[in-house]
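See structure below.
When reading the values below, keep in mind they use all heavy atoms of this one structure, side chains included, and skip hydrogens, waters and symmetry mates. Since this is a predicted model, take the numbers as computed values, not measurements. Order of listing sets the numbers, starting from 1, for every ligand and every atom in it.
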Amino acid sequence: MKRDELVFEILQKEADRQRYGIELIASENFVSDQVLSAMGSVMTNKYAEGYPGKRYYGGCQHVDETEQLAIDRLKELFGAEWANVQPHSGAQANMAVFLTLLKPGDKFMGLDLSHGGHLSHGSPVNSSGILYQPIAYEVDEETGLVNYDRMEETALREKPKLILAGASAYSRDWDYKRMREIADKIGAFLMADIAHPAGLIAVGLLNDPLKYCHVVTSTTHKTLRGPRGGIIMMGQDFDNPFGKTTPKGVIRSMSSLFNSGVFPGIQGGPLEHIIAAKAVAFGEALTKEFKNYMKQVKKNAEVMAEAFVNKGYNVISDGTDNHLMLIDLRNKFPEITGRKVENTLVLADITVNKNMVPFDSRSPFQTSGLRVGTPAITTRGLKEEHMPIIVDFIDQVISDIDNEDLLEKVKKQVNEMMGAFPMFAD
Ligand code: DSN
């Protein structure tokens with residue numbers, strides 16, 4: 001068959017964009033060649049509705065092997081008691097958990113979207129907000145930190161059936177223990193969505209949600225550096241919230257409910273090529289090199305946040321514990337929106353995303369903030385010394401935002417700098 005030049009030329013342009021630009025979108029990363037190969041493999045040809053050993057199709061003996069490997073490696077990585085690797089995305093993983101634990105109209109609590117929460121945590125335009133009744137908790141205006149006292153007051157008043165920890169733009173660690181105490185007071189389920197910090201949690205650099213949460217969801221493509229996809233896990237929840245059976249029995253019966261929540265609840269055939277790539281990525285995440293990578297991601301984020309603060313930017317909560325930071329532009333550039341900065345930086349081959357900041361006066365399409373993260377540039381091999389250089393590029397562009405000559409100059413410097421780094425430094 002004739003090669004589809006049209007598509008492959010576009011793919012080459014995207015490869016060049018990734019290769020010569022500075023990628024600061026906190027949820028993005030670059031996968032290894034072996035993760036990429038598994039994704040583009042023959043496993044895409046196979047239908048395998050069901051689970052390993054219990055499929056609705058013949059010929060599943062090899063997809064059973066890779067799916068079981070993915071499950072086993074994931075359990076080892078997080079010390080989980082049970083795992084499902086089939087969700088097509090983090091939002092699907094969340095949807096399957098909600099379908100399992102909530103009935104339409106039930107109340108649940110999640111972090112407000114404009115305070116760093118995620119669409120699938122109760123936004124009115126997402127199924128989580130359409131089918132269920134979301135109650136928001138918030139960060140404190142002064143400190144930028146989740147206000148657990150207020151969360152408790154709201155939980156005691158509203159009595160949600162589920163409380164959800166996790167965010168897509170929150171730079172600090174979570175107090176899962178405190179949240180479990182709150183959940184226990186009202187007999188609610190505690191769930192964590194660790195899509196963003198999963199890699200840091202896996203190597204022990206952040207608190208472990210599996211110790212306290214009844215169920216944990218994640219994506220696999222952010223800090224975990226795997227293919228685009230989702231997962232669900234259960235830890236060793238020996239303080240049995242589900243009834244009078246033994247803890248092991250609870251895990252067994254809940255896990256089969258969660259499995260049914262994913263398939264046939266919300267999905268059909270699993271993406272077995274992606275699951276094979278998940279197995280590869282979890283194998284990589286179990287190595288010493290991955291732990292060193294995660295330490296560098298965190299170090300780079302700390303240094304980058306400090307460099308922004310030194311230039312007079314308001315970094316929400318004054319810094320970061322993880323791989324990202326949220327910058328409120330309003331004190332330094334009250335007239336400039338996050339949208340304008342995002343669009344302008346793209347012209348200099350620097351990619352960030354506009355983001356609402358807590359108590360933002362602008363809409364999600366404009367925003368007063370930027371979210372910046374270090375997982376992707378750290379995969380490229382950038383270290384602490386490169387962080388102030390990047391912050392300086394960004395500051396030059398924002399400070400003279402309509403200067404096209406400057407943009408051209410910065411773009412040249414960005415391309416020269418990034419051209420010297422491989423896509424995957426390991
Ligand atoms: N879009 C992801 C993020 O950027 O955080 C969340 O789904």
Quick one: which ligand 1 atoms are inside 4.0 Å of a heavy atom on His118?
6 (C), 7 (O)
Residue, atom name and distance, where the atom is the protein heavy atom closest to atom 1 (N) of ligand 1
Ser27 OG, 4.5 Å
Does an N or O anywhere in Arg371 fall below 3.5 Å from an N or O of ligand 1?
yes
Under-4.0 Å salt bridge between Glu14 and Arg17:
yes
Would you say the side-chain atoms of Asn84 and Tyr51 include a donor-acceptor pair closer than 3.5 Å?
yes
Heavy-atom donor-acceptor pair, Ser168 side chain to Gly117 backbone, under 3.5 Å:
yes
Ser168 neighbourhood, listing ligand 1 atoms whose heavy-atom distance to it stays under 4.0 Å
5 (O)
Would you check if the side chain of Asp173 reaches a backbone N or O of Asn207 as a donor-acceptor pair within less than 3.5 Å?
yes
Atom 4 (O) of ligand 1 within contact range, any protein heavy atom under 4.0 Å
yes
Pair Asn353, Arg371: side-chain N/O donor-acceptor within cut-off below 3.5 Å:
yes
Please check whether His196 reaches ligand 1 - meaning an N/O of the residue sits under 3.5 Å from an N/O of the ligand, judged on distance alone.
yes
